[in-house]
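Before any comments, here is the structure.
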Amino acid sequence: MSKTAVAIKNNSHNKVEDSHQFHYLMWFRRDLRVHDNTALAAICERANEDNAQLSAVFFLTPEQWQAHDMSLTQLDHIARTLPILAEKLHQLNIILTVQVCPSFTDCIVTLSALCESNNISCVMANHEYEGNEVARDELLTKQLANNEIEFIRWHDQCILPPKSITTNDDSMYQVFTPFYKKWRHTLEVSDIQIHTALAIIDNKQVNLTLSEHSANTTQDIEALCKKTVHDYQEYLQTHESYQNIDTDKQISQARLAYPAGEAEACHRLEHFIADDIDNYDVSRDVPSLQATSQLSTYLTIGAISPRLCYLQATQALGKLRRNDGDNFDSGDNNDINRWISELAWRDFYRHVLDYKPELIRHQAYKYETDKKINWSYDEDAFAAWREGKTGVPLVDAAMRCLNATGFMHNRLRMVTAMFLTKDLLIDWRWGERYFMQQLIDGDFASNNGGWQWSASTGTDSAPYFRIMNPFSQAKSHDTEGIFIKTWLPELKPIPTSILHREDKMRKALSKNGTFADIDYPVPIVEHKLARQLVIAEFKKE
DNA sequence: TGTTAATTCGG
DNA sequence: CGAATTAAC
C-alpha cells in the first residue's frame, strides 16, 4: 500500500533506531463504535500489515460543548458510551485513552504532544463536517505534517460522502427529491461494504503518556466521564435555558430510554426492521405510538453506522421482492422506502452543510430572508414556547416532553418550530439553539436543516405560505389527544371536539367558560391572524 | 411533509 | 354547524 510506504519513509526520517516498531493512533470523535467504523478498520488493517502498535484516544472538550450548545443528555450518552467502547477496543487489543482537552486548540496541542512523546507516525480519524471541526483538522494536518506525521481522515458519517451526489453540471442539489433519486440510484449500482476492524495481533498495549486529566482503564474512564458530566450539569444549571429544567430527571429519563452502546443500537435496528417498520409510512406521524426507529440518538454520536442502517433496510426490501414473485408493486414497500428516505435526509443536510459552511455561522441558506424578515426577539413569548406555556396544547405537550426527556418526535419538531417561527415570528436561530441545548440526538446539520425548513429560509424548505395549524395537526396526528394529555394531564377533562379547536378552547378556558377552573393558559396568539402577518412579512417588497 | 377562504349542501 | 370541494397563499 502506498500509504504504508510513506509511513516507513517518514518514520525512518525521524528516528532510525525506532523504525522496527511503528506506533499509530486512532482518534475517536463522533464515531463511538467498533463495528463498521471506517477509520478504525483502516488503521487496524495497516497496523497489522506494518506490525505496528495501535493506541486510541478520545478527548472530552467541555469548552467546545458549551460553545456548540451540546445538551446534557447527549453528553451523558457519550459518557455512558465511552467505557463500553473501551471494553470493545480491549477485545481488539487496543487501549482507549480518554483525556480532558477543554477546547479544540487544546486538542491540537495535546495530540501533537502525544504523537511526539509516543513516537506516533500516523493518526487516523473519521471526517467531521462542521466549521470548527474542519478548521481544527486542517490546522492539525499542517502541524503534524511539519513533524512528518500523517493525519488521514475517512468519510464515515454519511452513507454516501459529501460531494459524491451532484447534478449533471457537478453542483450540489438544491431540492431533496432529485438528490434522493440520484442517491438511491448511486447506492443501487455501488457495492456498499461494512468495514470490520481486526484485532491488533502483536500490540504491546503500550499506554499513552498520561496527564492527570486522562484515563485508560474502563473504571477510570467511567469515573472521569461521570465527573465531566457532573461538572457540565453544574455549569448548565446557571444557564438561562435550563432554569425550567430538572436536569437530574432529564438524565435519568434519557438513560432509561436510551441504554448506551453499539450492541444496544444494533439490536434496536434489527428489531425495528424485523418487527416495527410495518406501517411506518403512516404511524411514524403519530407521536403517541413511538413508531419511529429512534436511532438518531445513536447515529449522532456514531454508536451505529448509517451504512448498516441502509443495508439492513435494503435487505428487508430485497426479501419482500423475492417472496413476492412477479408482483412488482409490492416490492416497492412504502414503509421501508420511507425510512430509507429519512436516512437520505440525514445525508442531504450533511452535504448541504459541506456545500455551505456559512450555515455554521448562523446564516440563512436563503440569505435574502435575513435582510427581509423582521424576526421577533420577544423574550416573554420565547420563554412561553420554551416552557410549554403557549396555550396551544400540542406545542406545549411537545415542549414539556422535550424538557422532561431530551427527545421530541419528528412531527412535533416541525409543529413547534413552525409555531415559533410563523405564529410567534421569532428568529429560527433561537429555536435552533434551544433544541441543541435539550435534544439527546441534537446534530448541527439535521437540526439546522430542520429549522430552516420550518422557517422557510432553507434549501427545499416549506414554502412561506405552507404554515401548519397546530390545532389541525393535533386533530390529524393526535386524534384522541393521547399525547397531549400524557404531557398536559390538566387537559384530561377536555373532550377532543374542544381540544382540537382554537376558538372553542379560548371560549372553554375563559372566565365563564366550561373549563374555566383548569389552570392552563388561553393561546398567546391567534393562529389565523399570526398566519396573515407572517405571510405578509414574506410577501413584502 | 398545509391551510384558509369561498362556496355549496345537508342536518 | 359540519362536511365536501377547490383555488390561492
Side-chain angles (χ1 to χ4, degrees), chain A residues 173-181 183 279-287 289 291-293 296 334-349 352 365-366 369 372-373 392-395 398 408-425 428 431 435 446-479 483 495-508 514 523 525-541:
Chain A
Y173 281 101
Q174 306 289 310
V175 179
F176 175 72
T177 308
F179 170 90
Y180 178 56
K181 281 184 182 154
W183 184 88
N279 220 29
Y280 172 79
D281 194 28
V282 179
S283 53
R284 74 198 192 97
D285 272 330
V286 182
L289 291 180
T292 62
S293 72
S296 55
N334 282 340
D335 299 317
I336 300 176
N337 280 318
R338 172 66 77 169
W339 193 66
I340 293 174
S341 87
E342 295 302 320
L343 294 171
W345 273 107
R346 184 176 169 280
D347 270 20
F348 180 64
Y349 282 139
V352 168
Y365 189 93
K366 295 179 184 165
T369 61
K372 185 164 84 173
I373 309 297
V392 178
L394 190 60
V395 171
M408 192 196 289
H409 187 278
N410 182 55
R411 173 153 293 273
L412 300 180
R413 296 187 198 193
M414 295 192 270
V415 171
T416 52
M418 277 249 175
F419 184 79
L420 187 76
T421 56
K422 302 296 171 63
D423 287 61
L424 300 179
L425 239 161
W428 56 271
F435 269 27
S446 300
N447 190 51
N448 183 274
W451 275 94
Q452 297 220 44
W453 181 89
S454 297
S456 306
T457 64
T459 29
D460 197 17
S461 52
Y464 70 90
F465 53 80
R466 190 172 294 164
I467 296 163
M468 288 172 175
N469 178 325
F471 288 90
S472 23
Q473 285 288 314
K475 193 179 179 186
S476 48
H477 303 300
D478 189 30
T479 310
F483 182 85
T496 52
S497 57
I498 294 173
L499 189 66
H500 296 328
R501 286 279 298 267
E502 184 183 334
D503 52 350
K504 293 187 179 177
M505 278 294 274
R506 280 183 187 282
K507 216 183 235 175
T514 329
V525 283
E526 197 180 331
H527 177 73
K528 200 165 66 172
L529 286 178
R531 180 179 180 274
Q532 286 168 3
L533 285 174
V534 71
I535 285 177
E537 187 67 18
F538 272 88
K539 271 180 78 172
K540 79 186 184 190
E541 275 149 288

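Below, each value reflects all heavy atoms present in this structure, side chains not excepted, and no hydrogens, waters or symmetry copies. These numbers were taken from a predicted model, which means no experiment stands behind them.
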Look at all strands and tell whether [X] reaches a base, only sugar-phosphate, or nothing, counting heavy atoms closer than 4.0 Å.
X: Q532(A); answer: sugar-phosphate
X: R413(A); answer: nothing
X: R531(A); answer: base
X: K422(A); answer: nothing

Phosphate-side-chain proximity, [X] and [N], N/O vs OP1/OP2 below 4.0 Å:
X: N469(A); N: dG2(B); value: no
X: Q473(A); N: dT1(B); value: no
X: H477(A); N: dT1(B); value: no

Can you tell me how far the NZ atom of K422(A) sits from the CZ atom of F538(A), to the nearest 0.5 Å?
-> 5.0 Å
Nearest-0.5 Å distance that lies between atom NZ in K504(A) and atom OG1 in T496(A) = 10.0 Å
Once you round it to whole Å, what is the distance between [atom2] of [N] and [atom1] of [X]?
X: L394(A); N: dG2(B); atom1: CG; atom2: P; value: 16 Å
X: D423(A); N: dT4(B); atom1: CG; atom2: P; value: 10 Å
X: M414(A); N: dT3(B); atom1: CE; atom2: P; value: 11 Å
X: D460(A); N: dT1(B); atom1: CG; atom2: P; value: 15 Å
X: K528(A); N: dT3(B); atom1: NZ; atom2: C1'; value: 13 Å
X: I535(A); N: dT4(B); atom1: CD1; atom2: P; value: 9 Å
X: M468(A); N: dT3(B); atom1: CE; atom2: C1'; value: 11 Å
X: D503(A); N: dT4(B); atom1: CG; atom2: P; value: 11 Å

Where at least one partner belongs to residues 530-539 of chain A, residue pairs that pass side chain to side chain donor-acceptor pair (under 3.5 Å), sequence neighbours excluded | E537(A)-K540(A)
For DNA chain C, which nucleotides open and close the run of contacts to chain A, 5' to 3', at under 4.0 angstrom from a non-hydrogen atom?
-> dG2(C) to dC9(C)
Derivation and outcome, side-chain hydrogen bond (donor to acceptor under 3.5 Å, both in side chains), residues Q452(A) and T457(A) | CA-CA 5 Å; Q452(A) 297 220 44; T457(A) 64; 2.7 Å; yes
For atom NZ of K475(A), is the number of surrounding heavy atoms from other residues, nucleotides or ligands below 6.0 Å larger than 12?
-> no
Tell me, do E502(A) and K528(A) make a side-chain contact under 4.5 Å, heavy atoms counted?
-> no
Please figure out whether F465(A) or K475(A) has its closest DNA chain C nucleotide nearer the 5' end.
-> K475(A)
Partners of D460(A) by salt bridge (Lys or Arg N to Asp or Glu O under 4.0 Å), sequence neighbours excluded?
-> none
